[in-house]
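Chain naming here is simple, since letters A, B, ... match the order of the sequence lines and numbering starts at 1 in each. Quick caveat: nothing in here was measured; it's all calculated off a predicted structure.
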Amino acid sequence: MDQNEKLKMLFKISLFQTKSNISSKWIVFYFIFFFAASYVSLSFTHETSKAAVNLMNAVLFIVPLASLLYGTIYFYNNIDYIIFILSFPVKRPVIYISLFSGLLIPMAIGFLTGIILPVLLFNANSFLSDFYVFLPLIITGIYLHLIFISFALLIAVINENKLLGFGLSIFIWLLLSVIYDGIFLIALNSFADYPLEYFSIILSVLNPIDLSRIFITINLDLVTLMGYTGAVFHNFFSNIIGCLIIFTSLTIWVLIPLFLGIRFFNKKDF
Amino acid sequence: MIKFENISKSFSGLKALDDINLILKPKTFNLLVGPNASGKSTLIKSILGLVNVNGNLSVENKNIRNTFEYRNKIGYMPQSFSFPANLTVNEILELVKSLRSNKIYDEEILYKFQIDKIGSKKLINLSGGTKQKVNAAIAFLFDPEILILDEPTAGLDMISSNILKEKLIGENQKGKTILVTSHVFSEFESIAENIILLSEGKLNHFGLIKDLLNLTNETKLEKALAKWIKMKN
Amino acid sequence: MLNLHGSKFLIFFLFCYVSFSAKTVKTNKDLQNCIFSAQPFDTLIITKGFYICDSLLVNKPLTIIGENYPTFSGNNKNQILVISANQVSVSKIKFANSGVSFLHDNSAIKLDGVKDCKITENIFDDNFFSIYLAKSQNCLIEHNRIIAYNKRQTLSGNGIHLWYCRNITIKNNFIQGHRDGIYLEFVRNSKIISNRSKNNLRYGLHFMFSDSCEYMKNIFEKNIAGVAVMYSKKVEMTENQFLNNWGSSSYGLLLKDISESNIRMNVFKKNTNGIYFEACGKTNIVQNKFIENGWALRLMANSMDNVFRFNSFSSNTFDISTNSKNNYNLFENNYWSEYSGYDLNKDGIGDIPFRPVKLFSVVSEKNRPTLILLNSILIKILDIAEKIFPSITPENLIDNKPLMRPTYDKV
């Protein structure tokens, strides 16, 4: 099987899975959710950046949770299909990547159209500038899909027990979106007498949800509220090197679970 | 030819396959039987590379470890068949076709089962029997040298069952190697050549059905097997 | 401290064209000599040209008018014009490049101990101080355009600087790029009206020890602080706009040791801190609008007996932050965009009280680095929990009669 053939297969499987997922009621629901969230936040304020702040909460809250749950459910519900495809002369990593992109593409389409359509509906004339305000949100949204779908697949691959898999998904979500910040807050308060700027930079680089939130916040100029911390942050994150660090870190967050997933998938007995 | 040399597999300490040595010669028609949890599906999955086993397993004289190309030669009909929701039969056929390098198709059974007429229907809306027909049709579709069918007649009506069996006989006569599992022995005892009996992961018996009947002085495979197990104990 | 008698002679030979008949003098050459030879209450018309001046002294009542904006230059080292007589009026002149001098507070125009002077319609370009009034009374500074370009606070003076003055009116000026746009120290009974002060290195308007003054209808934009009012009382602040004073420690209005003042009908939009109160008391904050600020109000513990009424708070990241567990100020009948109560009897007043202080604003007030968690889900959860079971936020900082709509007709 040459590279070309592999890509063709990858494309084919992803395409059919996308086809299957895109009309699934969950993805439709997902689209409706973001459409409503975007529509409501745009209608509450005339300012796109304010709407983006409101939307940010929805994105940071829902995208990881939905990706984790939908990803694990999808794997468990389609295990017979996956086994069947595995009996074909196709390399396992190709199938794994196809599974991944077959989940990513429909979810990302639901998310993107949901967020962007209301912007178009509200003011088609200023679409480009509004789109620019939403761009950090969109980029991090896509990254969060990438990260948490690869987590979802990893969890499903290493756990045959559905309940355990769900539990683990919800735990990872809680851990990264709430518990981590709780520990973060406690740490900041316990060490309030020390200079904490770089400590907090490191802590936030280690959590993709925090990193996404900070990336959006910086781009929405809210960062000035952070006072001195903000200045350190702004200097750290808003130059090219900072951007590189943010995206390298986010990319590592995608690649680690993805590679682990492929590894376990390669060795897995079905 | 499928050759098992010292094949073992255990799942969390429990032995699913225990030192299996077995050669399925080309052009033979083999019936794999055994009680529940005797290792039948593990044996089948090991041929397809779905479970990784210890020992040497070779298909057409090539060890299958870390390869996948040999699966071009195998048609597999799994026991439970499913595809992602919302896909139509035609889309599923298109998908599986794109996954094999073989571009010459044997669509005889497709027509006999009249699957061509339900091509635009979604798989999820089909009855269990019709689904099973699609499943079987895909196994034969690529005209493979080896056919592995896991409980192929389950859920099929008499007529379809017979169409399937006739197709199997025909393919065997054309020189295909066939491995079938079934818990209804009568289904295949007249058409299969060899019997493979697994119990608790071990190869209990392998040989011609004819010989087993003679040995046990029975006319029905079911009774012959019961007697054989008793004799061994 | 003034450099009156040490003024050096001008470089040019002296030439004056004097028309004795009308008491109007038109000149394009030596200005100092011209002023010396003019009679009190003469009008000097300065024709267009470039005049290098060094502490040009006006020591008698004169009206000095520029024709097509002649340039008076301090040549980057001198004070330009010094007025030491009453009833002097200066207009339509461009003052440029008074040099930096910390010893003499070099300024484009310095008025020292005078009364009834008018500085109107001048242009000030790149001066250390632009207009400097010391110990003066009843002066008018109107329609001047004052621009400086220094990037460092330490190398920059103030746009309009008042020291020990009374009854000064500063009106319709445009000030940009100075240290403080307008600076008042020991000033009484003065009015600052309809000025626009933006992009200054420190404050748009700065009060020190200046009681009974009033500023209204001004626009303060993009300064470190729009207005800083310190150690003063009885200050009237009305209908001003504080816009975009946005930076890591920027303020719309900074109040320190203020009492018996009124803050009415102002707009605070997009400031990092809308109003910062420190040791501020007996002040009424009424009918102001706070829109999209980081913190609309930051109320330090030593502020008390202030009244907040009929203000509207919308879309601020934090409406109020405080470092105290107690509150000795009154909040009533304000509109809060975050209020989610109901109004069953339709009187325009919400039926349940509103607590404008969020848990996170208390936490982050004490520990600034925690702001890194701004907008995180954890914080939202904690804020909601705090709203249901208040434990950290001041119990009595509460608006018992919140308005349902931002405008209140009965006012």
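- Under a cut-off of 6.0 angstrom, the local environment of NZ in C:K366 is sparse, with at most 12 non-hydrogen atoms contributed by other residues, nucleotides or ligands.
- Taking a 6.0 Å sphere around CZ of A:F29, one finds it holds 12 or fewer heavy atoms contributed by other residues, nucleotides or ligands.
- Heavy-atom neighbours of A:Y39 OH from other residues, nucleotides or ligands within 6.0 Å: at or below the threshold of 12.
- C:Y149 OH: more than 12 foreign heavy atoms inside a 6.0 Å radius.
- A distance of 11.5 Å separates CG of A:N57 from CD1 of C:I379, quoted to the nearest 0.5 Å.
- Between the side chain of A:R213 and the main chain of C:I377, no donor-acceptor pair closer than 3.5 Å is present.
- Using a 4.5 Å heavy-atom cut-off against chain C, the contacting residues of residues 175-189 of chain A are A:S177, A:V178, A:D181, A:G182, A:F184, A:L185, A:L188, A:N189.
- Against chain A, no residue from residues 385-399 of chain C qualifies, as none has a non-hydrogen atom under 4.5 angstrom away.
- With rounding to the nearest 0.5 Å, the separation of CG in A:D210 from CD1 in C:I372 is 7.5 Å.
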